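Here the structure comes first, spelled out in structure tokens, and everything after it is commentary.
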Amino acid sequence: MEESLNQTDCSYNEPFALQVLGDSMEPEFPDGCIIVLERTDRCAHGMYIMTLVEGVRWFRQYLNDEDGERLIALNDLYPEIPLEGLDWKPEAVVLQRNIKREVKHYEY
């Protein structure tokens, strides 16, 4: 996502699409699938989000439960990211996924 986008522009608040690269969010979001996101500065337990953590952008699932706030990859080969004490902010939430024209919508 462009840091230079003006947050007051109408286009800034429009949903946008990205292609998933890599296997960290498989099997739900396989390499090459398209996701549609909506900009937000809030998230809730279980949401799939794009977030900025300590200046690094991540696509992960946000969890907030008895184990604390954290980001997890769906692929167990990747470690979770505990958020306590880190500078982070949600930037967008996933609205839908497209795998070879098969669309799945996410409602939170």
Side-chain angles (χ1 to χ4, degrees):
M1 293 183 284
E2 285 273 329
E3 292 295 332
S4 62
L5 287 175
N6 184 343
Q7 293 184 10
T8 60
D9 272 346
C10 291
S11 62
Y12 178 83
N13 293 314
E14 292 297 318
F16 61 97
L18 294 175
Q19 183 175 28
V20 173
L21 300 176
D23 65 352
S24 65
M25 292 299 284
E26 289 185 355
E28 185 71 17
F29 302 95
D31 182 49
C33 81
I34 303 298
I35 56 176
V36 176
L37 301 108
E38 180 177 60
R39 292 186 192 281
T40 185
D41 60 357
R42 297 187 180 123
C43 60
H45 178 79
M47 288 181 161
Y48 298 109
I49 65 170
M50 184 74 60
T51 185
L52 196 60
V53 180
E54 300 287 332
V56 177
R57 197 160 274 120
W58 296 92
F59 169 45
R60 293 289 190 261
Q61 186 176 31
Y62 172 77
L63 298 180
N64 185 5
D65 56 19
E66 63 275 354
D67 294 326
E69 284 185 297
R70 63 199 185 282
L71 300 173
I72 63 161
L74 301 182
N75 183 333
D76 291 337
L77 297 175
Y78 296 85
E80 68 179 41
I81 303 168
L83 296 171
E84 184 176 340
L86 296 180
D87 179 26
W88 74 281
K89 66 176 184 172
E91 294 185 315
V93 61
V94 174
L95 298 178
Q96 73 181 43
R97 163 197 85 184
N98 184 330
I99 302 172
K100 298 179 183 175
R101 298 190 180 159
E102 181 182 322
V103 176
K104 178 177 180 179
H105 294 271
Y106 296 88
E107 295 184 26
Y108 305 104

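Note that this is a predicted model, so its numbers are computed, not measured.
L83 contributes atom CG, which lies 7.0 Å from atom OG1 of T51 (distance to the nearest 0.5 angstrom). The distance from the CG atom of L63 to the CD atom of E80 is 8.0 Å, given to the nearest 0.5 Å. Here the CG atom belonging to D31 is positioned 6.5 Å from the CD atom belonging to E26, to the nearest 0.5 angstrom. Within the model, atoms CG of D65 and NE2 of H45 stand 5.5 Å from one another, a figure rounded to the nearest 0.5 Å. Taken to the nearest 0.5 Å, the CE atom of M47 stands 7.0 Å off from the OG1 atom of T40. Rounding to the nearest 0.5 angstrom, the gap separating the NZ atom in K100 from the SG atom in C33 is 11.5 Å.
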Does the side-chain contact (heavy atoms from CB on, under 4.5 Å) test come out yes or no for L74 and Q61, once each step is laid out?
-> CA-CA 8 Å; L74 301 182; Q61 186 176 31; 3.5 Å; yes

Might you work through the side-chain contact (heavy atoms from CB on, under 4.5 Å) test for Y106 and R97, ending with a clear yes or no?
-> CA-CA 8 Å; Y106 296 88; R97 163 197 85 184; 3.7 Å; yes

Test V93 against R39 for side-chain contact (heavy atoms from CB on, under 4.5 Å), laying out the working first.
-> CA-CA 6 Å; V93 61; R39 292 186 192 281; over 6 Å; no

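Residues R60 and S24 approach most closely at NH1-OG, 3.0 Å, considering heavy atoms. C43 and P90 make their closest contact through SG-CG, 3.7 Å (heavy atoms, listed as atom of the first residue, atom of the second, distance). Nearest heavy-atom pair, D23 versus N75, reported as atom, atom and distance to 0.1 Å: O-ND2, 3.1 Å. Heavy-atom minimum distance, I72 versus M25: O-SD, 4.0 Å.
Annotation for W88: atom CH2 counts as buried by contact number, over 12 foreign heavy atoms lying within 6.0 Å. With a 6.0 Å radius and a threshold of 12 heavy atoms from other residues, nucleotides or ligands, D76 has its CG atom at or below the threshold.
Under a hydrophobic clustering in which Ile, Leu, Val, Met, Phe, Trp and Tyr are joined whenever their side-chain heavy atoms come within less than 4.5 Å, directly or via other members, F16 and L95 fall into different clusters. Linking Ile, Leu, Val, Met, Phe, Trp and Tyr residues whenever their side-chain heavy atoms come within less than 4.5 Å leaves I99 and V20 in two separate clusters. When the side chains of ILVMFWY residues are joined at heavy-atom separations under 4.5 Å, either directly or via intervening members, V53 and V94 end up in a single hydrophobic cluster. Both F59 and V56 are part of a single hydrophobic cluster, where members link through side-chain heavy atoms under 4.5 Å apart. Hydrophobic clustering (side-chain heavy atoms under 4.5 Å, transitive across Ile, Leu, Val, Met, Phe, Trp, Tyr) groups I49 together with Y108.
Using a cutoff of 4.0 Å between basic side-chain nitrogens and carboxylate oxygens, R57 and E91 are scored as salt-bridged.
For the 3.5 Å distance criterion, the side chains of Y48 and E28 fail to qualify, holding no donor opposite an acceptor.
Applying the ring pair (Phe, Tyr, Trp, His ring centres under 6.0 Å) test to pairs two or more places apart or on separate chains, none has a residue in residues 64-87.
Considering only residues two or more places apart in sequence or on other chains, D87 meets the side-chain contact (heavy atoms from CB on, under 4.5 Å) condition with E54.
Of the options V36, I35, I34, L37, a side-chain contact (heavy atoms from CB on, under 4.5 Å) to Q96 is made by V36 and by none of the others.
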